[in-house]
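As structure tokens, the structure follows; a few thoughts come after it.
Hydrogens, waters and symmetry mates play no part in the numbers below; they use all other heavy atoms, side chains included. These numbers come from a predicted model, not from an experiment.
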Amino acid sequence: MAAAPTNFHEVQSAEHFQSLLSEDLTRVSLINFWAPWAAPCKQMNEVVLELAKKYPQVLVLQVEAETQSDISESFEVEAVPTFVILRGHTLLGRISGADAPALADAIATHARGPSSVNPQSQIDRAPAAPPAQESPEELNARLHKLMNQDTVMLFMKGNPDQPRCGFSRRIVDLLRTQGVVFSSFDILSDEDVRSGLKVLNNWPTFPQLIVKGEFVGGLDVVKEMVDNGELKELLA
């Protein structure tokens, strides 16, 4: 395997990360938050390595999101892959998910150096036209309909074959090991569902498991229910 270019670094610690960033505060940096278990990351790691070769003036930092949790939390990384583009310590842009064209365009834009472009103005892709605003009642009705879509519903980050956070991956593994048949919903695809379920179920994090239309809990609760046999009883 060819040696990585000199501008490409695997971050070993928060101190290592800060020292690399601080070497040149005028330099554009690309931070790749990834995880070895996430299939989309494998493809995007190759894209990132090619970008490092193409743009030697850009500092490229590989951060394993769960190993370097302090760094991930400081950038509010909730799913992998996530890409953050900086100039020094100034945020230029952020891309979530395995979107190689958007990442390449972003690096091409910012690698040219400072211009009249304002930070973030050309990074974030134009969002789809938002649907007509739902009333709280309409959103609650939609949430209840989603929660009753199947006997067992898992609201998670990503999907069972491509989870986008470690907790979602672990609960999928747990349910599959127990032979539980379930449907899922990717809360990263719908911010209204994501925020609405936090309020409706009075539970601030994901994944959330729903059985027969009723909220059961997150990963720790489900794990405990598996251990003490309660989940099997609930599904009987």
Side-chain angles (χ1 to χ4, degrees), residues 10-12 32-48 62-73 75-83 96-99 142-236:
E10 299 270 0
V11 172
Q12 304 301 321
N32 173 21
F33 291 94
W34 70 288
W37 48 261
C41 289
K42 184 176 181 182
Q43 170 208 346
M44 292 305 294
N45 282 354
E46 294 176 5
V47 171
V48 168
Q62 294 278 102
V63 177
E64 192 173 333
E66 291 176 358
T67 303
Q68 306 295 338
S69 58
D70 288 349
I71 304 173
S72 301
E73 287 171 14
F75 284 93
E76 298 182 343
V77 172
E78 294 188 336
V80 291
T82 291
F83 306 95
S96 295
D99 193 337
R142 184 158 71 96
L143 294 176
H144 282 291
K145 186 175 180 180
L146 285 170
M147 289 168 64
N148 285 279
Q149 201 166 281
D150 208 339
T151 304
V152 181
M153 280 294 298
L154 178 64
F155 291 86
M156 62 179 291
K157 294 177 181 177
N159 62 60
D161 294 325
Q162 293 188 340
R164 288 186 57 199
C165 84
F167 297 114
S168 292
R169 174 177 59 87
R170 285 159 62 191
I171 200 168
V172 166
D173 289 346
L174 190 63
L175 293 173
R176 285 177 168 172
T177 300
Q178 296 299 309
V180 177
V181 178
F182 64 95
S183 296
S184 68
F185 184 92
D186 179 5
I187 54 98
L188 297 175
S189 69
D190 192 320
E191 181 58 36
D192 289 340
V193 170
R194 177 180 180 173
S195 56
L197 283 174
K198 290 180 181 182
V199 175
L200 179 64
N201 296 329
N202 194 26
W203 197 263
T205 58
F206 290 93
Q208 293 185 12
L209 188 70
I210 313 296
V211 176
K212 300 173 184 174
E214 297 293 329
F215 173 67
V216 172
L219 174 63
D220 290 342
V221 173
V222 173
K223 189 176 185 306
E224 186 177 326
M225 291 178 70
V226 167
D227 291 343
N228 63 25
E230 287 182 24
L231 186 65
K232 186 176 283 187
E233 289 178 18
L234 185 62
L235 294 172

message: How long is the straight-line distance from CG of Leu219 back to CG of Asp173, given to the nearest 0.5 Å?
response: 10.0 Å
statement: Phe33 and Val80 have their tightest heavy-atom pair at O-CG1, 3.7 Å
query: Is there a donor-acceptor pair closer than 3.5 Å between any side-chain N or O of Glu64 and the backbone N or O of Trp34?
result: no
field: Reported CD1-to-CG distance for the pair Ile187 and Leu146, which is rounded to 0.5 angstrom
entry: 12.5 Å
task: Measure from the side-chain N and O atoms of Glu191 to the backbone N and O of Leu188, and report whether any donor-acceptor pair falls under 3.5 Å.
output: no
task: Side-chain contact test, heavy atoms from C-beta onward, threshold under 4.5 Å: evaluate it for Gln62 versus Asn45 and give yes or no.
output: yes
- request: Let me see the working for Arg142 and Asp190 under salt bridge (charged side-chain N to carboxylate O under 4.0 Å, His left out), right down to the final yes or no.
  value: CA-CA 12 Å; Arg142 184 158 71 96; Asp190 192 320; 3.0 Å; yes
- prompt: Is Glu66 reaching over with its side chain to a backbone N or O of Ala35, donor-acceptor style, under 3.5 angstrom?
  reply: no
Just distance, no hydrogens or angles: give the donor-acceptor pairs under 3.5 Å from side chains in residues 151-158, sequence neighbours left out.
residue, atom, partner, partner atom, Å
Lys157, NZ, Glu78, O, 3.4

message: So if I apply the side chain to side chain contact (heavy atoms under 4.5 Å, CB included) rule between Leu174 and each of Lys223, Arg169, Met225, which one comes out positive?
response: Lys223
message: Donor-acceptor check, side chain of Ser168 to backbone of Arg164, threshold 3.5 angstrom: yes or no?
response: no
- prompt: Counting only N and O atoms by type, is there a donor-acceptor contact under 3.5 Å from the side chain of Ser72 to the main-chain atoms of Gln68?
  reply: yes
- prompt: So do the side chains of Val221 and Trp203 get within less than 4.5 Å of each other, counting heavy atoms only?
  reply: yes
message: Strictly distance-based, threshold 3.5 Å: is any side-chain N or O of Gln12 a donor or acceptor partner for the main-chain N or O of Glu10?
response: yes
- prompt: Looking at CZ of Arg176 and CZ of Phe182, how far apart are the two atoms once the value is rounded to the nearest 0.5 Å?
  reply: 5.5 Å
- request: Find the distance between OG (Ser184) and CD1 (Ile171) and round it off to the nearest 0.5 Å.
  value: 11.5 Å
task: Decide salt bridge (charged side-chain N to carboxylate O under 4.0 Å, His left out) for Lys232 and Asp227; before the verdict, give the C-alpha distance in whole Å, the side-chain angles of both, and the deciding distance to 0.1 Å.
output: CA-CA 10 Å; Lys232 186 176 283 187; Asp227 291 343; over 6 Å; no
- prompt: With side chains defined as the heavy atoms from C-beta onward, is the minimum distance between Glu224 and Asn228 less than 4.5 Å?
  reply: yes
message: Could you measure the distance from the CZ atom of Arg170 to the CH2 atom of Trp37? Nearest 0.5 Å is fine.
response: 10.5 Å
